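All figures in this text were calculated on a predicted structure; none of them were measured in a lab. Indexing begins at 1, ligand by ligand and atom by atom, following the structure's order.
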Amino acid sequence: MQTILILNGPNLNLLGKRQPEIYGSETLADVEARCRAICPAGIDIEVQQSNHEGQIIDWIHAARESAAGIVINPAAFTHTSVAILDALNTFEGPVIEVHISNVHKRESFRHHSYVSLRADGVIAGLGIEGYVAATRRICTLLASG
Ligand code: DHK
(Lines give C-alpha, C1' and ligand atoms only; values in the text may rest on other atoms or scores of the structure.)
Protein backbone atom coordinates (compact mmCIF):
# COMPACT_ATOMS: atom_id res chain seq x y z
CA MET A 1 0.00 0.00 0.00
CA GLN A 2 1.32 3.46 -0.95
CA THR A 3 0.22 6.59 0.92
CA ILE A 4 -0.40 10.08 -0.39
CA LEU A 5 -0.08 12.65 2.39
CA ILE A 6 -2.50 15.58 2.06
CA LEU A 7 -1.15 18.38 4.23
CA ASN A 8 -3.02 21.53 5.21
CA GLY A 9 -1.75 24.68 6.87
CA PRO A 10 -3.21 27.27 9.20
CA ASN A 11 -6.92 28.05 9.45
CA LEU A 12 -7.89 25.16 7.18
CA ASN A 13 -9.31 23.35 10.22
CA LEU A 14 -12.12 25.88 9.76
CA LEU A 15 -12.69 24.92 6.11
CA GLY A 16 -16.45 24.97 5.51
CA LYS A 17 -17.04 27.60 8.19
CA ARG A 18 -14.38 30.17 7.37
CA GLN A 19 -15.17 32.78 4.66
CA PRO A 20 -17.31 30.31 2.63
CA GLU A 21 -17.60 32.90 -0.15
CA ILE A 22 -13.85 32.34 -0.74
CA TYR A 23 -13.21 28.79 0.47
CA GLY A 24 -16.61 27.13 -0.01
CA SER A 25 -18.82 25.24 2.41
CA GLU A 26 -17.20 21.81 2.24
CA THR A 27 -14.90 20.61 5.00
CA LEU A 28 -11.59 18.79 5.26
CA ALA A 29 -13.61 15.61 5.91
CA ASP A 30 -15.21 16.16 2.49
CA VAL A 31 -11.73 16.63 0.98
CA GLU A 32 -10.67 13.33 2.52
CA ALA A 33 -13.74 11.43 1.27
CA ARG A 34 -13.47 12.86 -2.25
CA CYS A 35 -9.75 12.15 -2.58
CA ARG A 36 -10.01 8.64 -1.16
CA ALA A 37 -12.83 7.88 -3.60
CA ILE A 38 -10.62 8.42 -6.66
CA CYS A 39 -7.57 6.45 -5.44
CA PRO A 40 -7.04 3.10 -7.14
CA ALA A 41 -6.49 -0.07 -5.12
CA GLY A 42 -3.09 0.02 -3.47
CA ILE A 43 -3.07 3.77 -2.80
CA ASP A 44 -4.49 5.34 0.35
CA ILE A 45 -4.48 8.90 1.63
CA GLU A 46 -3.69 10.49 4.96
CA VAL A 47 -5.05 13.99 5.63
CA GLN A 48 -3.39 16.23 8.20
CA GLN A 49 -3.89 19.86 9.21
CA SER A 50 -1.95 22.07 11.58
CA ASN A 51 -1.85 25.72 12.52
CA HIS A 52 1.83 25.29 13.46
CA GLU A 53 4.69 25.51 10.98
CA GLY A 54 6.96 23.11 12.91
CA GLN A 55 4.30 20.40 12.96
CA ILE A 56 3.93 20.61 9.19
CA ILE A 57 7.71 20.33 8.81
CA ASP A 58 7.75 17.28 11.11
CA TRP A 59 5.03 15.60 9.01
CA ILE A 60 7.04 16.28 5.82
CA HIS A 61 10.11 14.70 7.43
CA ALA A 62 8.06 11.65 8.47
CA ALA A 63 6.69 11.41 4.92
CA ARG A 64 10.24 10.69 3.69
CA GLU A 65 9.71 7.19 5.11
CA SER A 66 5.94 6.78 5.02
CA ALA A 67 4.50 8.56 1.95
CA ALA A 68 4.94 8.18 -1.80
CA GLY A 69 3.67 11.67 -2.64
CA ILE A 70 2.49 14.89 -1.01
CA VAL A 71 -0.43 17.18 -1.78
CA ILE A 72 0.09 20.37 0.20
CA ASN A 73 -2.02 23.45 0.81
CA PRO A 74 0.34 25.42 3.04
CA ALA A 75 -2.31 28.19 3.36
CA ALA A 76 -0.68 31.40 4.63
CA PHE A 77 2.69 29.62 5.06
CA THR A 78 2.78 29.43 1.25
CA HIS A 79 3.77 33.06 1.17
CA THR A 80 6.17 33.12 4.14
CA SER A 81 7.83 29.79 4.83
CA VAL A 82 11.33 29.07 3.59
CA ALA A 83 11.38 26.33 6.25
CA ILE A 84 8.50 24.41 4.62
CA LEU A 85 10.22 24.80 1.24
CA ASP A 86 13.43 23.40 2.73
CA ALA A 87 11.53 20.47 4.27
CA LEU A 88 9.84 19.68 0.94
CA ASN A 89 13.26 19.73 -0.71
CA THR A 90 14.20 16.74 1.50
CA PHE A 91 11.26 14.72 0.10
CA GLU A 92 11.94 12.72 -3.06
CA GLY A 93 8.42 11.90 -4.31
CA PRO A 94 5.99 14.06 -6.25
CA VAL A 95 4.64 17.22 -4.60
CA ILE A 96 1.57 19.09 -5.80
CA GLU A 97 0.68 22.50 -4.31
CA VAL A 98 -3.02 23.33 -3.96
CA HIS A 99 -4.81 26.58 -3.23
CA ILE A 100 -8.58 26.49 -2.91
CA SER A 101 -8.95 30.09 -4.02
CA ASN A 102 -7.35 31.73 -7.05
CA VAL A 103 -4.54 33.41 -5.14
CA HIS A 104 -3.57 35.38 -8.26
CA LYS A 105 -6.93 37.17 -8.21
CA ARG A 106 -6.40 38.25 -4.60
CA GLU A 107 -4.02 40.53 -2.67
CA SER A 108 -0.51 40.82 -4.12
CA PHE A 109 1.07 39.25 -1.02
CA ARG A 110 -0.68 36.00 -2.00
CA HIS A 111 0.90 35.96 -5.47
CA HIS A 112 4.28 34.68 -4.36
CA SER A 113 4.79 31.08 -3.20
CA TYR A 114 8.00 29.69 -1.72
CA VAL A 115 6.55 26.17 -2.08
CA SER A 116 6.21 26.57 -5.87
CA LEU A 117 10.01 26.42 -6.09
CA ARG A 118 9.67 22.71 -5.19
CA ALA A 119 6.20 21.75 -6.38
CA ASP A 120 5.87 19.54 -9.46
CA GLY A 121 2.45 21.11 -10.10
CA VAL A 122 0.41 24.02 -8.76
CA ILE A 123 -3.39 24.22 -8.68
CA ALA A 124 -5.32 27.34 -7.67
CA GLY A 125 -8.93 28.41 -7.82
CA LEU A 126 -10.66 25.04 -8.31
CA GLY A 127 -12.13 24.96 -4.81
CA ILE A 128 -11.70 21.62 -3.09
CA GLU A 129 -11.71 19.93 -6.50
CA GLY A 130 -8.09 21.08 -6.59
CA TYR A 131 -7.22 18.45 -3.98
CA VAL A 132 -8.92 15.77 -6.08
CA ALA A 133 -7.03 16.86 -9.22
CA ALA A 134 -3.75 16.89 -7.29
CA THR A 135 -4.39 13.44 -5.81
CA ARG A 136 -5.28 12.06 -9.24
CA ARG A 137 -2.07 13.51 -10.68
CA ILE A 138 0.05 11.90 -7.97
CA CYS A 139 -1.70 8.56 -8.55
CA THR A 140 -0.82 8.87 -12.25
CA LEU A 141 2.80 9.71 -11.49
CA LEU A 142 3.09 6.79 -9.04
CA ALA A 143 1.59 4.39 -11.59
CA SER A 144 4.08 5.50 -14.24
CA GLY A 145 6.93 4.70 -11.86
C1 DHK B 1 -5.56 29.44 1.93
C2 DHK B 1 -5.19 30.39 2.83
O3 DHK B 1 -5.47 30.24 4.12
C4 DHK B 1 -4.54 31.64 2.42
O5 DHK B 1 -3.65 32.13 3.40
C6 DHK B 1 -3.82 31.52 1.09
C7 DHK B 1 -5.14 29.49 0.51
C8 DHK B 1 -4.74 30.88 0.06
C9 DHK B 1 -6.15 28.81 -0.39
O10 DHK B 1 -6.67 29.42 -1.33
O11 DHK B 1 -6.41 27.62 -0.16
O12 DHK B 1 -3.38 32.77 0.66
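Evaluation of the side-chain hydrogen bond (donor to acceptor under 3.5 Å, both in side chains) test over residues 28-42, restricted to residues two or more places apart or in two chains, returns Glu26-Arg34, Thr27-Asp30, Glu32-Arg36, Arg36-Asp44. Listed by first and then second residue, the ring pair (Phe, Tyr, Trp, His ring centres under 6.0 Å) pairs that reach into residues 38-96 come to none, sequence neighbours excluded.
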Can you list every pair where an N/O of ligand 1 is under 3.5 Å from an N/O on the protein?
| from | atom 1 | to | atom 2 | distance (Å) |
| --- | --- | --- | --- | --- |
| ligand 1 | 3 (O) | Arg18 | NH1 | 3.2 |
| ligand 1 | 3 (O) | Arg18 | NH2 | 2.9 |
| ligand 1 | 5 (O) | Ala76 | N | 3.2 |
| ligand 1 | 5 (O) | Arg110 | NH1 | 3.2 |
| ligand 1 | 10 (O) | Ile100 | N | 3.2 |
| ligand 1 | 10 (O) | Ser101 | N | 2.8 |
| ligand 1 | 10 (O) | Ser101 | OG | 2.6 |
| ligand 1 | 11 (O) | Asn73 | ND2 | 2.9 |
| ligand 1 | 11 (O) | Ile100 | N | 2.8 |
| ligand 1 | 12 (O) | His79 | NE2 | 2.7 |
| ligand 1 | 12 (O) | Arg110 | NH1 | 2.9 |

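Contact record, Leu88 with Arg118: O-NE, 3.2 Å, taken as the closest heavy-atom pair.
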Only distances under 3.5 Å count here; give the side-chain donor-acceptor pairs of residues 130-143 to other protein atoms, sequence neighbours excluded, each with its distance to 0.1 Å.
| from | atom 1 | to | atom 2 | distance (Å) |
| --- | --- | --- | --- | --- |
| Tyr131 | OH | Asn8 | OD1 | 2.6 |
| Tyr131 | OH | Asn73 | ND2 | 3.2 |
| Thr135 | OG1 | Tyr131 | O | 2.8 |
| Thr140 | OG1 | Arg136 | O | 3.0 |

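With Ile6 as the fixed residue, the side-chain contact (heavy atoms from CB on, under 4.5 Å) test singles out one of Ile96, Ile72, Val71: Val71.
Other residues, nucleotides and ligands contribute over 12 non-hydrogen atoms within 6.0 Å of the CD atom of Glu53.
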